[in-house]
Protein chains: 2
Amino acid sequence: MIRKTAGGPSTAVRRAAPSIRDVAAAAGVSYQTVSRVLNGSPSVRADTRTAVLEAIETMGFRPNRSARALGLGRARAVTVVTSDTMLYGYASTLQGIEEAARAAGFAVGVRVIESDSADDVRQAADYVADPSAGAVVVIAFDPAGAKVLAALDDDVPAVAAIEASGRRDTGRVVICLDERVAAAQATEHLLALGHRTVHHVAIPSEDGSSGRQAGWRDALVRAGAPIPAVVPAGWDMAAAYAAGRRLAEDPLVTAVLCGNDDLALGVRRALYEQGRDVPGEVSVVGFDDIPGSAYWTPALTTVRMDFTGLGRACFEAAVAQLAGGPQPEVSLTAPCLVVRESTAPPRTKP
Amino acid sequence: MIRKTAGGPSTAVRRAAPSIRDVAAAAGVSYQTVSRVLNGSPSVRADTRTAVLEAIETMGFRPNRSARALGLGRARAVTVVTSDTMLYGYASTLQGIEEAARAAGFAVGVRVIESDSADDVRQAADYVADPSAGAVVVIAFDPAGAKVLAALDDDVPAVAAIEASGRRDTGRVVICLDERVAAAQATEHLLALGHRTVHHVAIPSEDGSSGRQAGWRDALVRAGAPIPAVVPAGWDMAAAYAAGRRLAEDPLVTAVLCGNDDLALGVRRALYEQGRDVPGEVSVVGFDDIPGSAYWTPALTTVRMDFTGLGRACFEAAVAQLAGGPQPEVSLTAPCLVVRESTAPPRTKP
DNA sequence: CACGCTATCGTGACCGGTCACACGCGCTCG
DNA sequence: CGAGCGCGTGTGACCGGTCACGATAGCGTG
């Protein structure tokens, strides 16, 4: 399993890394000049600059980010606070942040929130209170994230990525995907197909009403359709599967909107095991458009979310806040319904 | 989309964060004593310690990680170098590292490798040459990761997570999941079911022979079965789908081992569209056991990999290397085949 | 009572960058 | 021809922790 090193790094003499003063000595200039070259200052003569660059190259000099952060008072970094790194929405948002950060020369850190307990929330908030954390993006799709956001000191340059519900304003910059209208759109799609109503298997949310859930309810009340009790399923496919079993037994359910694609997979499997055809007997739609959903059998009707764009926008906003500048304009591609094979008119009109 | 803040952080007077000297003054001790308390030094009287702790609490003091890293010469951090953050294997490994790092009080950074071009590889290697990066784990499942590993300076405390093929020794500590025997096991499962041979749709690998591919070949030669050309499919489900279309047209293919579960999804879909029943007409097995695969229809036979454990082990090893200590013993749970519904005996014995 | 030892604590220098400022130089301008 | 200015560059102090060392107090011992 593990292969020991023969004469690896630990035994090697660790020569001290060169600092800007070493480079300066080699180039015959002062350390400040090296610093200027490093920072692209215009007031350095061209030949001086090349001499310094050459010394940097030959000595293999790498600037020390810690020292720079210390001198600057803040780090050129962004740290992402999230309660999960693997769920599709979170991971894609993180990816968007990372891409933007790398392009801007920012380091990226990740701090996951263990749980939404007061203790864990405080630890996460403390963690990013350190200026070494740089700009902060908290992914507040869930209660844990929202709590951390609320627990943050006013002076930490943080922005939040949230879903679109009518969350009360916290006095912070927040950027959101407007999934509420998308959820309504998905629900209306089902209703338009002729379904009497649509059931909802929900992901966790702060006060039981995520943007997804709110949009679903919006569409139902607008259509005057009955509003079934929402079925909470956490993030867990197993829970969704269990919920699906129960739903499958009720001949009245012919359409179900799931809080995300994973949950859709769970209920679709439950339906399958009960011999309920999708979309023949019951239609199911997901949320997120995870990469696999187009390849399922049947391919999943779902709503596509621009998490990566959200991440990028969050990074830009967080950096702007760190710099004290004005907030940049953001333009996200709005969520949109992708109709595939898992939705159809109900077999028997009730 | 974006909600501006009213009197947010940018306008707030940013009071200077207290330093250990401020805390020392408040507690009536020297800054060194505060440092000692922070580091859990035993040679501090109990009442002095509580006084300092109290001052820390009331002033809201948070130690500055950059300053600490600078003084120490290295950061209490680990940075993960990877070419992807969303693919299941990578994301789970990252998760394992993160969990272990958080438990140990280490910060975690992520640096993704844009491509395996010489330029991008060099940039990634340079990035982690900085002592601020702390310990380094490079996820070397693919060519890009392997190249970065090779490009690393000898004195950066890095370990690599790799797959189990007979990769030549680089003089570094590497930790691997032994997926080669697991791939052989999966292939043998198919063979034992009565299939004449097994086709392979492959993920990218450095020299065209990943551990998965090697194990597959091992089993085939041991069984004296014909060895079909491997079908490369990148990481892309669309490519796997295309490969599946071609495979579906050949009546001789009755079993296919896929490089990962995503690829399995793609070929399964292609098979479905061609009316080839799984597992009735062709068996398919995946690799990784992603969370959804148990809920597919049919549920996927696949091999479960302990990526999280791999990540944890990598963290421990990297920290040991950072500290110059001996390498810890690692015990990973070996990959194992999970037989579900997507494999069965061939319908017609050839 | 002098001595040494330990426990506890404080002082100075340092890590590797940054900032603010001063300085020398050549030029323009009154 | 000297004052003023801008360019290019160097010096000192500083960021907030760390280390190495020294100082002091309290104690036991011969």
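Throughout, a chain's letter reflects where its sequence line sits, starting with A, and its residues are numbered from 1.
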> Any carboxylate oxygen within less than 4.0 angstrom of a Lys/Arg side-chain nitrogen, looking at A/R102 and A/E98?
yes
> Please report the distance, rounded to the nearest Å, between CZ in A/R76 and C1' in C/dT18.
14 Å
> Phosphate oxygens OP1/OP2 of D/dT18: is one of them under 4.0 Å from a side-chain N or O of B/N39?
yes
> Nearest-Å distance, CZ (B/R21) to C1' (C/dT11)?
11 Å
> Look at B/T33 and C/dG10 and indicate whether a side-chain polar atom (N or O) is within less than 4.0 Å of OP1 or OP2.
yes
> Given side chains that start at C-beta, do those of B/R172 and B/V159 come closer than 4.5 Å, heavy atoms only?
no
> Mind calculating the distance between CG (B/D22) and P (D/dG16) to the nearest angstrom?
8 Å
> If a pair satisfies salt bridge (charged side-chain N to carboxylate O under 4.0 Å, His left out) and one of its residues is in residues 74-85 of chain A, list it, with sequence neighbours excluded.
none
> Can you tell me which stems involve DNA chain C, if a stem is defined as three or more consecutive Watson-Crick or G-U wobble pairs, both distances under 3.5 Å?
C:1-30 with D:1-30
> Is the B/F307 ring parallel, tilted or perpendicular to the B/F141 ring (thresholds 30°, 60°)?
tilted
> Only counting residues at least two apart or in another chain, list the ones meeting ring pair (Phe, Tyr, Trp, His ring centres under 6.0 Å) with A/Y127.
none
> Whole-Å distance between D/dG17 P and B/N64 CG?
6 Å
> Taking atom types as they are modelled, would you say the side chain of A/R65 forms a donor-acceptor pair with the base of C/dG17 within the 3.5 Å cutoff?
no
> Do B/V319 and B/F106 make a side-chain contact, defined as non-hydrogen atoms from C-beta onward lying under 4.5 Å apart?
yes
> Using whole Å, report how far CG of A/L70 lies from C1' of C/dG17.
8 Å
> Give the nucleotide from the list D/dG17, C/dG17, C/dG12 with an atom nearest to the side chain of B/Y31.
C/dG12
> OP1, OP2 of D/dT18 versus side-chain N and O of B/S35: anything below 4.0 Å?
yes
> Give me the distances for all protein-to-nucleotides 21-24 of chain C N/O pairs that come in under 3.5 Å?
none

> What is the distance from CZ of A/R74 to P of C/dG17, rounded to the nearest Å?
17 Å
> Strictly distance-based, threshold 3.5 Å: is any side-chain N or O of B/T48 a donor or acceptor partner for the main-chain N or O of B/V44?
no
> Where do B/R122 and B/A151 come nearest, in terms of heavy atoms and distance?
NH2-O, 4.2 Å
> Would you kindly give the CD1-to-C1' distance between A/I20 and C/dT18, to the nearest whole Å?
8 Å
> Answer whether the closest heavy-atom distance between the side chains of A/V81 and A/I113 falls below 4.5 Å.
yes
> Kindly list each side-chain donor-acceptor pair under 3.5 angstrom involving residues 34-43 of chain B, sequence neighbours excluded, with atom names and distances?
from, atom 1, to, atom 2, distance (Å)
B/S41, OG, B/S43, N, 3.3
B/S41, OG, B/S43, OG, 3.2

> Which nucleotide sits closest to the side chain of A/L72: D/dG17, C/dC19, C/dG12?
C/dC19
> With nearest nucleotide decided by heavy atoms, which residue, B/G28 or A/S66, maps closer to the 5′ end of DNA chain C?
B/G28
> Look only at the side chain of A/S117 and the backbone of A/D120, and say whether a donor-acceptor pair between them is shorter than 3.5 Å.
yes
> Enumerate the residues from residues 41-59 of chain A whose closest heavy atom to DNA chain C is under 4.0 Å, giving them by residue number; use none for an empty result.
none
> Evaluate salt bridge (Lys or Arg N to Asp or Glu O under 4.0 Å) for B/R62 paired with A/D130, printing each intermediate quantity in order.
CA-CA 6 Å; B/R62 319 252 165 266; A/D130 183 335; over 6 Å; no
> Of the candidate nucleotides D/dG16, D/dT11, C/dG17, which contains the atom at the shortest distance from the side chain of A/S30?
D/dT11
